[in-house]
Amino acid sequence: MADEILVRASGLVKVHPMGGVRAVDGIDFELRKGEAFGFLGPNGAGKSSTMRMIGCVSTPSAGELRIFGLDPATDGARIRARLGVVPQEDTVDTELTVRENLYIYGRYFGLSRARIRERTAGLLEFAQLEDKASEQVGALSGGMRRRLTIARSLINEPEILLLDEPTTGLDPQARHVLWDRLFRLKQEGVTLILTTHYMDEAEQLCDRLVVMDRGRIADEGSPRELIERHSTREVLELRFPPGEQAIRAEKVTDIAERLEVLPDRVLLYVEDGEAALAAVHARGVTPITALVRRATLEDVFLTLTGRTLVD
Amino acid sequence: MTRMHLLVERNLMVYRHTWSLLVAEVFEPVLYLLTIGIGIGTLVGHVRGTGVAYPQYVAPALLATAAMNGAMNETTFNLFQKLKFDRVYDSILTTPMTVRDVAFGEVCWALLRGTLTTSGFLVIVTVLGLVHTPWALLALPGAAVIGFAFASAGLAVTTYLRDWQDFQLIQLVMLPMFLFATTFYPLGVYPRPVQLAVECLPLYQSIELLREPSLGHIGPGLLVAAVYLLVMGVLGLAIALPRLRRTLLA
Ligand SMILES: Nc1ncnc2c1ncn2[C@@H]1O[C@H](COP(=O)(O)OP(=O)(O)O)[C@@H](O)[C@H]1O
Ligand SMILES: [Mg+2]
């Protein structure tokens, strides 16, 4: 059953009643068992709206959504019993301690007290919160709260874990700790759906992802496939004095397969970055700085939408 | 299957940390009982036309008010904080819990709170020697019915509140009702049209429900009051549920 489909969406639409924003504008995707699937897109792309529909806490405005083959409209509670949810904003219960949070959350899933006790030790260890177990949640740092939210979402041993921007707002160290935890889960066979606007996060964690922009899916594939499809192998970044990016870029346009002019730099899409840089110099064009790097999902997004992911 | 008891369990866990609030809630009616019931009672003597000592007349009204306030504070102040600021329900609803579990659970918890406050106050009233009949024990189921009515109504009102300032509007209704609903003197002092208006007040019906048994009067009037309050509770839930769904499942 390696190819068992856990989530299937077709023509999925979400129009928010307040303000009438068409946050999700007809998207199709399929999620297979055991994979780590990502929604990559900038703020406002409709990622959270999509996640909330999958989490059965928001009703689709149109289209079809099936989770475990069930319809959220009629089987919401049954579906939620098999999901773990890490929302974009931590919604830990601030009036309770760390341990009490895990306990009551387990109770909401109908787990017995004994079963919860069994799971709690392991989850505290997973979240590295053993010595904080009896503290009020209000006293935790952002990274600890995030880890608690993730630990809590695992109490029912979910088949699918939904993570909405799991590392946004965390410092680099906390991010790496979290990535490590998510890798562990993936290896244990938990199916992950995550959203992010960090292209490195998408590359690190996702087997397959969709690029989302303004409520629509621009393309879908593995990070490698997307980069190969929409970008060259390497990128040469040239930085010119402020206001001169466009003028200078004109002189080197033909060196690159494709060229993007950003407010602060020019990107040349090329197979061989060093060779391209030599060619730029040969033209007598001297940038303030020059950098050769491998193409990333950021470049994919730029190609697909003409805009950058994080502004 | 309902899981509303889990919300009660959650709130009980929170109150393990903040049980002192409950004590404060019993303190308020005690204050009224001592100053007005017993203090002013020494001037009043017996209530005209009933032959009942004044403190004994006021005590059940304060019991009813305690049940009302205990329940309603829970589904207004506390629930508003959880709904808008702590966003407690957002995470609860990602589990198999439903909006109905949350609403019923909160109302159930609130009426338990109201009943608990009333029990605490009833003990004090008894110690002060103001209870003369075992029928006074009907105050406990009575308090649960009052708690249900006001908890549900409070929940419905809370779904309309935008910010903390709106709470002043609630006070604008609650304080006059407290003063006029025969808390401190009988219905007979009003002219007939005002009597009719007072009889429509939910607190008046609540006071009837507790005062009559505590004076040893058991009659069909009690049934009217109980039905009034039960209908009020059901209506409150009927209004609150769809509105909560719209807010929480946007
Ligand atoms: N509850 C809501 N009510 C009204 N508009 C909303 C609501 N949630 C999101 N939106 C709007 O829908 C669009 C998509 O938002 P969202 O799904 O949060 O995107 P993302 O998670 O990718 O940042 C945005 O324009 C946002 O303002
Ligand atoms: Mg979002």
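Naming: A, B, ... by sequence-line order, numbering from 1 per chain.
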R246(B) portion near chain A, given a 4.5 angstrom heavy-atom threshold: neither
Contact origin within V14(B) toward chain A - heavy atom pairs under 4.5 Å: both
E89(A) portion near chain B, given a 4.5 angstrom heavy-atom threshold: neither
Which of L248(B), V99(B), L93(B) touches chain A most, by non-hydrogen pairs under 4.5 Å: L93(B)
Derivation and outcome, salt bridge (charged side-chain N to carboxylate O under 4.0 Å, His left out), residues D164(A) and K47(A): CA-CA 8 Å; D164(A) 196 356; K47(A) 304 183 297 295; over 6 Å; no
Heavy-atom contact with chain B under 4.5 Å, split by part of R152(A): side chain
Top contributor to chain B interface from R80(A), Q136(A), E95(A) [non-hydrogen pairs under 4.5 Å]: R80(A)
Between Y198(A) and W179(A), ring centroids under 6.0 Å: no
Side-chain donor-acceptor pair present, S58(A), R52(A), cut-off under 3.5 Å: no
Lys/Arg cation over aromatic F68(A): R82(A), 6.0 Å, 45° cone: yes
Polar side chain donor-acceptor pair, E208(B) to Y228(B), under 3.5 angstrom: no
